[in-house]
Amino acid sequence: MTKQSIRQDTLNALDQMPQALRQVYEDNLLHQLLNKIQRESIKTIGFYYGFHPEIMTPHFFDTLWQEGVQIYLPRMQPKRQLTFHRYQDQDPLDVAFKDRVYQPYNEAKSIDPSQLDLLIVPGVAFKLDGHRIGHGGGYYDRLLEKSTMPTIALVFPQQVYKADAWNVQAHDCAVESLLIARKENEED
Ligand SMILES: Nc1nc2c(c(=O)[nH]1)N(C=O)[C@@H](CNc1ccc(C(=O)N[C@@H](CCC(=O)O)C(=O)O)cc1)CN2
Ligand SMILES: Nc1ncnc2c1ncn2[C@@H]1O[C@H](COP(=O)(O)OP(=O)(O)OP(=O)(O)O)[C@@H](O)[C@H]1O
């Protein structure tokens with residue numbers, strides 16, 4: 001299958017997921033993420049402001065702040081570059097892409113992404129080895145190519161594909177590991 005058809009099929013599957021199941025999965029992903037943060041004493045994360053049918057990451061922010069974690073969000077820049085800026089409760093956000101993408105303003109405190117303890121990478125479809133298909137901007141490929149921080153992705157099972165599902169291209173950068181949502185809060 002082409003990347004484009006996998007992208008579209010996966011977005012459709014996520015859009016059609018029943019809300020109750022989505023809730024179970026998102027609770028489980030937050031639980032897994034908190035375990036990792038505590039285990040690895042993570043203090044600063046690069047996250048993203050999820051838009052439907054992505055994971056509703058804004059629901060995670062309060063819990064992360066309570067844990068003392070600093071959240072940085074990406075802002076799209078010319079030439080498909082991303083900068084990361086501190087986001088705290090009630091900070092104003094700029095809206096782009098037909099009201100889908102919420103991003104900090106340039107004035108918000110920025111960080112060199114390599115300084116982040118963890119970067120959580122968004123995406124539509126993933127292989128178990130971390131290769132990903134995003135929304136097609138190539139923003140994260142450009143970032144990962146030149147950065148060294150630890151990377152993960154939070155994914156629903158519907159987003160996980162076999163190694164031969166699509167051909168990886170030279171510019172595609174993988175994330176280091178996936179946290180895959182499960183139905184039970186079994187310990188890992
Ligand atoms: N939540 C989130 N924020 C993110 C990303 C992401 O994947 N998820 N990005 C990751 O790189 C960057 C934004 N990239 C984006 C790329 C495309 C579209 C989008 O709405 N695409 C339309 C088609 C656009 C068009 O061509 O007109 C679509 O998907 O329908 C949104 C964000 C930075 N912020
Ligand atoms: N490191 C790079 N340097 C230059 N161009 C790149 C690079 N990475 C990707 N591109 C270009 O960006 C476009 C989108 O790439 P691709 O479809 O892999 O994006 P994506 O991974 O789905 O999106 P995103 O990373 O924003 O979530 C392609 O035309 C690709 O050639």
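Numbering of ligands and ligand atoms starts at 1, following listing order.
When each atom of ligand 1 is checked for a heavy atom of P122 under 4.0 Å away, the hits are 6 (C), 7 (O), 8 (N). The ligand atoms of ligand 2 that sit less than 4.0 angstrom from a heavy atom of R7 are 17 (O), 22 (O). Of all the atoms in ligand 2, the ones that sit under 4.0 Å from a non-hydrogen atom of K3 are 18 (O). Of all the atoms in ligand 1, the ones that sit under 4.0 Å from a non-hydrogen atom of Y48 are 1 (N), 2 (C). When each atom of ligand 2 is checked for a heavy atom of E145 under 4.0 Å away, the hits are 1 (N). Ligand-side atoms of ligand 2 in range of H135: 22 (O), 23 (O), 27 (O), range being under 4.0 angstrom from any heavy atom. Distances below 4.0 Å separate heavy atoms of G138 from the following atoms of ligand 2: 12 (O), 14 (C), 15 (O), 19 (O), 20 (P), 23 (O), 24 (P), 25 (O), 26 (O). Against a heavy-atom cut-off of under 4.0 Å, Y140 is close to the following atoms of ligand 1: 9 (N), 10 (C), 11 (O). Every atom of ligand 1 is numbered from 1 in the order shown, and the set under 4.0 Å from a heavy atom of V101 is 31 (C), 32 (C), 34 (N).
Side-chain rings of Y72 and F84 stay apart, their centers remaining 6.0 Å or farther from each other. Ring to ring, H135 and F51 are close: their centroids are under 6.0 angstrom apart. The aromatic ring centres of F60 and W65 sit 6.0 Å or more apart.
For Q103, no heavy-atom contact with ligand 1 is shorter than 4.0 Å. At a 4.0 Å heavy-atom cut-off, ligand 2 touches D172 through the side chain alone. Contacts between R80 and ligand 2 below 4.0 angstrom, taking non-hydrogen atoms only, are absent altogether.
Residue contact annotation: G50 has a non-hydrogen atom under 4.0 Å from ligand 1. In this structure, K98 counts as a contact residue of ligand 1, since one of its heavy atoms falls inside 4.0 Å of the ligand.
Less than 4.0 angstrom separates atom 5 (N) of ligand 2 from at least one non-hydrogen atom of the protein. Protein non-hydrogen atoms do reach within 4.0 Å of atom 8 (N) of ligand 1.
Taking 4.5 Å as the limit, every side-chain heavy atom of V121 sits out of range of all side-chain heavy atoms of I152. Here the side chains of C173 and R142 are not in contact, with every heavy-atom distance at 4.5 Å or above. Two residues are said to be in side-chain contact when any heavy atoms from C-beta on lie closer than 4.5 Å; Y161 and F126 fail this criterion. Side-chain contact between P92 and Y105 is present, with at least one heavy-atom pair separated by less than 4.5 Å. Contact check for L73 versus F61: side-chain heavy atoms found under the 4.5 Å cut-off. A heavy-atom distance below 4.5 Å is not found between the side chains of V24 and R182. Side-chain contact check for R132 versus D172: every heavy-atom pair is 4.5 Å or farther apart. Between D117 and M149 there is no side-chain heavy-atom pair separated by less than 4.5 Å.
Of the options G134, C173, P74, the smallest heavy-atom separation from atom 22 (O) of ligand 2 is shown by G134. Nearest residue to atom 28 (C) of ligand 1 from H135, R80, R100 is R100 (criterion: closest heavy atom). Distances from atom 13 (C) of ligand 1 to the heavy atoms of R142, R132, M76 put M76 nearest.
At least one N or O atom of Y49 sits closer than 3.5 Å to an N or O atom of ligand 1. The shortest N or O to N or O distance between E54 and ligand 1 is under 3.5 Å. Close N/O approach between I133 and ligand 2 is not found [any backbone or side-chain N/O within under 3.5 Å]. For ligand 1, none of its N or O atoms has an N or O atom of Y139 under 3.5 Å away. The shortest N or O to N or O distance between H171 and ligand 2 is under 3.5 Å.
For atom 27 (O) of ligand 2, the closest non-hydrogen atom of the protein is R132 NH2, 2.6 Å. Nearest protein heavy-atom contact of atom 13 (C) of ligand 2 is G136 O, 4.1 Å. Protein heavy atom closest to atom 21 (O) of ligand 2, with residue, atom name and distance, is D141 OD2, 3.3 Å. Remark: minimum distance from atom 15 (C) of ligand 1 to any protein heavy atom is reached at F97 CE1, 3.8 Å. For atom 3 (N) of ligand 2, the closest non-hydrogen atom on the protein side is R142 CG, 4.0 Å.
In this structure, CZ in R39 is found 11.0 Å from CG in L34, a value given to the nearest 0.5 Å.
A salt bridge is defined here as a Lys NZ or Arg NE, NH1 or NH2 lying under 4.0 Å from an Asp or Glu carboxylate O, and D27 with K183 fails to meet this definition. Between R80 and D141 there is no salt bridge, since no side-chain N of the basic residue sits under 4.0 Å from a carboxylate O of the acidic one.
Here the closest heavy-atom approach between residue I55 and residue L29 is recorded as CD1-CD1, 3.5 Å.
Using a 3.5 Å distance cut-off with no hydrogens or angles, the side chains of Q4 and R7 do pair a donor with an acceptor.
Annotation for D62: atom CG counts as buried by contact number, over 12 foreign heavy atoms lying within 6.0 Å.
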